[in-house]
J.: 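Attaching a single structure in structure tokens format; questions to follow.
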Amino acid sequence: MYNYLLNVSAANKKAILNEEITTAIKNACQDANGTTNSIRHGRNFSYITQIDEYTVQLRLKSNTSIIATRAISSITRALIRICPTELLKPLQYNGSLLTATVIEEFEEGCKTFENLPPHEIVKTVIEIFFGQASLGKNDKKIAKEAADKIKDVVVGYKTDTQK
């Protein structure tokens, strides 16, 4: 799963995103999530927060890697479907309603590391058991929990192969 954090503002940089427009953007996120294209490609928009009077922050999740700033067109189309033209008129500039900037982009860990080669897995297991001295408090806790899980897997394996 790919995650994108977007700062979204009006194409007209002078346009203020008041409460009515912010509510419309929230509703547009829900509307865009229900479209055939979003469902087919596993895309999901969610409203995060209003950063200032000109910018809101949205999260976009997608099953595939995408150009997130282009995917904002789904929100634009939803706004056109659900909002009166006079509400959207102040946002317009040069034929566009919204602009977006990607602030953060990442692939969720399970997908990033699921195809690790065996030597990387062994190296990581060694780091978990013997590299804890150089870790911070939180990372040590995570390493200890991982070590406990690895021990459980090894004990289960040994038990099953001794039958």
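The basis for the numbers below is simple: all heavy atoms, side chains too, and nothing from hydrogens, waters or symmetry mates. As the structure is a computational prediction, the values presented were derived from the model and not from experiment.
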J.: Flag the pair K144 / K140 as yes when at least one side-chain heavy-atom distance between them is below 4.5 Å, and no otherwise.
T.: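 Counting from C-beta outward, K144 and K140 never come under 4.5 Å.
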
J.: Can you tell me if S38 uses its side chain to pair, donor with acceptor, with the backbone of G34 under 3.5 Å?
T.: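 Answer holds: no.
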
J.: Mind checking whether L98 and V102 sit in one hydrophobic cluster, side chains of I, L, V, M, F, W, Y counted as touching below 4.5 Å?
T.: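 Yes, L98 and V102 fall within the same hydrophobic cluster.
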
J.: Answer whether the closest heavy-atom distance between the side chains of I48 and L5 falls below 4.5 Å.
T.: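 Side chain of I48 against side chain of L5, heavy atoms only: contact under 4.5 Å found.
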
J.: Nearest 0.5 Å, what's the CG-OG distance between L97 and S73?
T.: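 The distance works out to 11.0 Å.
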
J.: Might you point out which heavy atoms bring A10 and L91 nearest each other, and give the distance in Å?
T.: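 Closest heavy-atom pair between A10 and L91: CB-CD2, 3.6 Å.
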
J.: Would the distance check show the side chain of Q50 and the main-chain N or O of L17 forming a donor-acceptor pair, the cut-off being under 3.5 Å?
T.: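 Yes; judged by distance alone, with no hydrogens or angles, the pair exists.
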
J.: What's the verdict on side chain to side chain contact (heavy atoms under 4.5 Å, CB included) for N37 and R40, showing C-alpha distance, side-chain angles and the deciding distance?
T.: CA-CA 5 Å; N37 192 41; R40 179 184 308 134; 4.2 Å; yes

J.: Any chance you could lay out the side chain to side chain contact (heavy atoms under 4.5 Å, CB included) test for T99 and Y93, step after step, and finish with the verdict?
T.: CA-CA 10 Å; T99 60; Y93 178 77; over 6 Å; no

J.: Looking only at side-chain N and O atoms, does K61 offer a donor or acceptor that is under 3.5 Å from a partner on S46?
T.: no

J.: Can you see which heavy atom on T69 is nearest to which on A100, and at what distance?
T.: CG2-O, 3.3 Å

J.: How about T55 and S9: does a side-chain donor come under 3.5 Å of a side-chain acceptor?
T.: no

J.: Is it true that F130 and V154 fall in one hydrophobic cluster, defined by side-chain heavy atoms closer than 4.5 Å?
T.: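 F130 clusters together with V154.
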
J.: From N3 CG over to S62 OG, what is the distance, rounded to the nearest 0.5 angstrom?
T.: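 Reported to 0.5 Å precision, the distance equals 9.5 Å.
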
J.: Between atom NZ of K149 and atom CD1 of I128, what is the distance when rounded to the nearest 0.5 Å?
T.: 10.0 Å

J.: Is any side-chain heavy atom of I66 closer than 4.5 Å to a side-chain heavy atom of H41?
T.: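 SC-SC contact between I66 and H41 ruled out.
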
J.: Mind checking what makes side-chain contact (heavy atoms from CB on, under 4.5 Å) contact with T23, not counting sequence neighbours?
T.: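 For T23 the side-chain contact (heavy atoms from CB on, under 4.5 Å) partners, ignoring immediate neighbours, are E19, N27.
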
J.: Under the rule for side chain to side chain donor-acceptor pair (under 3.5 Å), what residues qualify as partners of D31, not counting sequence neighbours?
T.: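 Only R81 meet the side chain to side chain donor-acceptor pair (under 3.5 Å) criterion with D31.
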
J.: Show, in sequence, the C-alpha distance, side-chain angles and deciding distance for T36 and I39, and conclude whether the side chain to side chain contact (heavy atoms under 4.5 Å, CB included) test is met.
T.: CA-CA 5 Å; T36 304; I39 293 168; 5.9 Å; no

J.: Check I150 against F129 and note the closest heavy-atom contact, atom names and distance.
T.: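 Taking every non-hydrogen atom into account, CG2-CE1, 3.8 Å.
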
J.: Side-chain heavy atoms under 4.5 angstrom apart, residues restricted to Ile, Leu, Val, Met, Phe, Trp, Tyr: same cluster for I103 and I75?
T.: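 I103 does not cluster with I75.
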
J.: Would you name the heavy atoms of L6 and I72 that are closest together and state the gap between them?
T.: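 What the structure gives for the nearest pair is CD1-CD1, 4.3 Å.
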
J.: Tell me, yes or no, whether the heavy-atom count around K158 atom NZ, taken from other residues, nucleotides or ligands under 6.0 Å, exceeds 12.
T.: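 Count not over threshold, so no.
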
J.: Find the distance between CD (Q162) and CG (D160) and round it off to the nearest 0.5 Å.
T.: 10.0 Å

J.: Quick check: closest heavy atoms across T64 and Y2, and the distance to 0.1 Å?
T.: C-CD1, 3.3 Å

J.: Using 0.5 Å steps for rounding, measure from the CD1 atom of I21 to the CD atom of E53.
T.: 11.5 Å

J.: How many angstroms lie between CG in L87 and CD in E20, if you round to the nearest 0.5 Å?
T.: 4.5 Å

J.: For F45 and S74, work out which heavy atoms get closest and say how close.
T.: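 In this case the closest contact between F45 and S74 is CE1-CB, 3.8 Å.
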
